Amino acid sequence: MRMVILMAIVIVTLFYLPISRWFSDTMVNIHSLGLTLYWVILTLLSIVIGFKILGKMMGGVR
Amino acid sequence: MRELYIVVLALFFVIGSIIAWLSRRYLGKGSREFFVGGYRVGGFISAMTYAATTYSAFMMVGLVGLSFTGGVAALGFELVYLASTVIILGSIGPIIWYEARKRGWVSPSEMLSELYGSKYVGIVVALVYLFTLVPYTAAQLKGVGEIFGSIGLGYEYGVLFASIAIVFWIIVAGLWSVATTDAFQGLWMLGSSIAVTVWAVSLLQSSSIDFDTLIKALSGSSSGNLLTFTWTPQMFLGLTIPWVFFALTNPQVVQRLYIPKDRKAYVRMVRYFALYGFIYTIICVFLGMIFRAYVSLNSADVESMLLRNRDLVTPFMLRSAPPPLAATAYVGITAAAISTANSIVLSVASSVVRDLYEKLATEPSERISKMVSIASIFLLLALASGAAIMRLGYIVELSVVSSAGLLPLAPITMLGLLRRTAMKKCSHLYTVASIIIGESILITAIGIHGVSKALTSPLFLHLPSPIWILLASTAIMVPILVDRKERRRN
């Protein structure tokens with residue numbers, strides 16, 4: 001559980017990586033929608049992790 | 001357009017009022033029923049009220065404008081909120097849900113008051129809510145006023161209409177009428193924004209703007225490459241930090257964690273909210289960028305005009321839309337404002353009742369509690385609508401700043417829940433100190449940079465004020481975290 005929460009904190013922190021001009025430009029150079037997809041994928045990962053944590057907190061309720 | 005908007009708005013109000021009236025059947029007696037639905041709300045309604053409360057008129061107006069002017073950075077700004085909220089709802093949210101029904105919490109300030117063992121914490125927090133959320137509510141009313149004004153119906157009548165809808169949909173059945181009308185409004189908001197996006201895409205097609213042309217227009221815009229990060233670090237940090245902790249600091253959403261009727265309903269609330277938030281965010285950001293591409297390729301004059309005032313982007317865009325679609329979208333924005341405002345008013349009223357009356361009165365009575373509830377609702381709305389009608393300067397800026405004013409409640413809430421079974425003695429002193437220092441930093445930032453730039457200008461070491469508010473208000477709470485001595489049992 002601690003690992004999952006740590007992952008969650010790391011992922012939210014990764015949202016701020018594009019503040020670095022180098023990172024942002026690199027993403028856009030890979031693909032014009034690179035930065036867009038980066039944030040979308042991070043969000044989806046966060047949602048999956050959030051659901052995982054929720055599952056453990058709520059004891060496997062569906 | 002004016003007549004069409006009136007017809008659609010009337011239909012919206014009638015349907016909403018019928019829904020509110022029918023929800024009276026669920027309402028029981030007492031403040032627990034009125035403010036938190038007796039902790040008996042189903043998963044779908046819980047999710048929709050959470051979504052409609054969270055997502056205000058800012059989405060279809062403010063966010064569309066932000067993405068029009070600043071590009072994809074607006075997506076990162078809004079998605080970091082969604083990501084952190086889902087994580088909070090998954091981790092800390094269940095603790096709040098469980099403890100609320102175990103301890104009988106009604107207001108979020110009451111929660112903090114009990115966790116820290118002092119009614120003074122509840123009083124201070126209730127006052128913070130009043131100071132920060134009245135401007136936020138006024139900004140929602142102002143939004144509806146602006147819509148009425150732009151259509152030629154009169155700004156003041158818009159504020160009046162929104163206030164009447166808010167009061168009526170609260171008074172009818174408290175949380176039940178608010179939550180069920182939120183579900184109706186949430187569906188309207190999402191549906192109308194999807195319809196506008198479909199129309200916007202057809203606008204591109206009719207102008208022969210294909211995907212490659214769209215990308216080229218955005219990459220080579222007059223503001224630079226809108227597909228890269230165009231904001232300053234201070235702006236991104238300053239605007240996102242308060243939003244990351246929104247789910248823990250804003251009473252209208254904290255209170256919604258109390259209401260799901262069982263574990264299954266809570267899990268459904270989180271899942272449906274995540275889906276709604278993801279779709280709605282993508283739509284609003286892409287709408288702004290699609291319209292930017294369209295305008296930049298068709299009219300440089302219009303582009304310059306909209307870049308100078310980004311709040312005009314959505315109204316200008318809707319002027320080109322088919323009138324029935326524009327009317328429906330305008331009502332969707334009205335719904336977003338009303339659904340957010342009525343949740344805030346209900347939630348802040350609950351703090352006034354529980355922490356400023358019931359905890360202070362020697363023998364609180366249910367009859368007087370009810371009168372205080374109604375009086376609080378009317379008073380809050382009177383203050384907010386007064387501020388909106390007088391068009392007090394900086395209302396919108398103040399509402400943005402209010403999110404930072406609530407930021408000290410983030411470490412306070414997290415630590416309070418972490419230490420909920422054994423709290424350090426005199427912890428309430430640290431809590432009050434944490435709030436005072438947080439608000440002092442915010443006031444200092446406002447004094448130096450003004451209201452509109454208080455969150456996004458560097459305050460110290462090139463970092464904006466929200467970072468320092470969070471750091472300082474957390475640092476003061478560290479003795480509670482590290483304390484290993486004798487503790488008060490909760």
Side-chain angles (χ1 to χ4, degrees), chain A, chain B residues 71-95 97-98 211-212 214-216 218-219 225-237 240-241 244 262-271 273-275 277-278 281-282 285-286 289:
Chain A
M1 180 68 156
R2 275 190 193 173
M3 269 312 288
V4 180
I5 290 179
L6 191 62
M7 265 172 62
I9 294 170
V10 167
I11 283 199
V12 172
T13 309
L14 287 176
F15 271 87
Y16 292 88
L17 218 47
I19 286 177
S20 153
R21 176 49 56 98
W22 172 85
F23 182 86
S24 169
D25 288 346
T26 302
M27 293 306 297
V28 173
N29 287 338
I30 293 171
H31 190 284
S32 52
L33 294 177
L35 187 55
T36 307
L37 288 170
Y38 173 76
W39 272 323
V40 168
I41 290 167
L42 270 187
T43 303
L44 293 172
L45 270 173
S46 305
I47 290 173
V48 165
I49 289 175
F51 287 173
K52 243 186 149 48
I53 298 172
L54 177 61
K56 287 181 190 288
M57 293 295 287
M58 286 300 200
V61 171
R62 289 196 172 269
Chain B
V72 80
L75 182 69
F77 155 66
E78 194 61 37
L79 283 181
V80 75
Y81 155 73
L82 179 64
S84 55
T85 294
V86 175
I87 288 169
I88 287 171
L89 292 182
S91 55
I92 303 171
I95 299 173
W97 172 81
Y98 176 76
F211 181 74
D212 287 334
L214 172 75
I215 297 297
K216 271 204 192 95
L218 292 173
S219 304
N225 184 351
L226 294 176
L227 296 175
T228 188
F229 189 80
T230 56
W231 291 14
T232 64
Q234 288 84 3
M235 180 172 174
F236 195 73
L237 285 165
T240 56
I241 295 290
V244 163
D262 51 30
R263 288 170 192 249
K264 209 167 166 179
Y266 186 91
V267 170
R268 274 206 189 127
M269 176 184 77
V270 178
R271 287 199 176 141
F273 167 72
L275 180 65
F278 185 74
T281 300
I282 298 288
V285 172
F286 284 172
M289 293 173 71

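What you see is a predicted model, and the numbers here were worked out from it, not measured in a lab. Within every chain, numbering begins at 1; the chains are lettered A, B, ... in the order of the sequence lines, protein sequences first and strands thereafter.
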Which answer fits [X], side chain, backbone, both or neither, if we ask what part of it has an atom under 4.5 Å from a heavy atom of chain A?
X: B:F278; result: side chain
X: B:W97; result: side chain
X: B:T240; result: both
X: B:L79; result: both
X: B:F286; result: side chain
X: B:I92; result: neither
X: B:L82; result: side chain

Is there side-chain contact between [X] and [Y], with at least one heavy-atom pair below 4.5 Å?
X: A:L35; Y: B:L227; result: no
X: A:L54; Y: B:Y266; result: yes
X: B:N225; Y: A:V28; result: yes
X: A:T36; Y: B:V285; result: no
X: A:I19; Y: B:W231; result: no

Mutual orientation of the aromatic rings belonging to A:W39 and B:F236 [parallel < 30°, tilted 30-60°, perpendicular > 60°]: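 Parallel, since the angle between the ring planes stays under 30°.
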Most contacts with chain A, counted as non-hydrogen pairs under 4.5 angstrom, among B:G76, B:A73, B:P233: B:G76
Top contributor to chain A contacts, counting heavy-atom pairs under 4.5 Å, from B:L218, B:V244, B:L237, B:D262: B:L237
To the nearest 0.5 Å, how far apart are [atom1] in [X] and [atom2] in [Y]?
X: B:I87; Y: A:M7; atom1: CD1; atom2: CE; value: 9.5 Å
X: A:F51; Y: B:L89; atom1: CZ; atom2: CG; value: 9.5 Å
X: B:S91; Y: A:I9; atom1: OG; atom2: CD1; value: 8.5 Å

Looking only at heavy atoms, what is the nearest atom pair of [X] and [Y], with distance?
X: A:M57; Y: B:R263; value: O-NH1, 4.3 Å
X: B:P94; Y: A:M58; value: CB-CE, 4.0 Å
X: A:I47; Y: B:A274; value: CG2-CB, 4.1 Å

Within 6.0 Å of OH in B:Y98, more than 12 heavy atoms from elsewhere: no
Under 3.5 Å donor-acceptor, A:T43 side chain and B:A83 backbone: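 Judged by distance alone, no pair lies under 3.5 Å.
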cation_pi(A:R21, B:F229) dist<6.0 Å, angle<=45: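 Checked: cation-pi criterion not met.
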Most contacts with chain B, counted as non-hydrogen pairs under 4.5 angstrom, among A:V40, A:I49, A:L45: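 Of the options given, most contacts go to A:V40.
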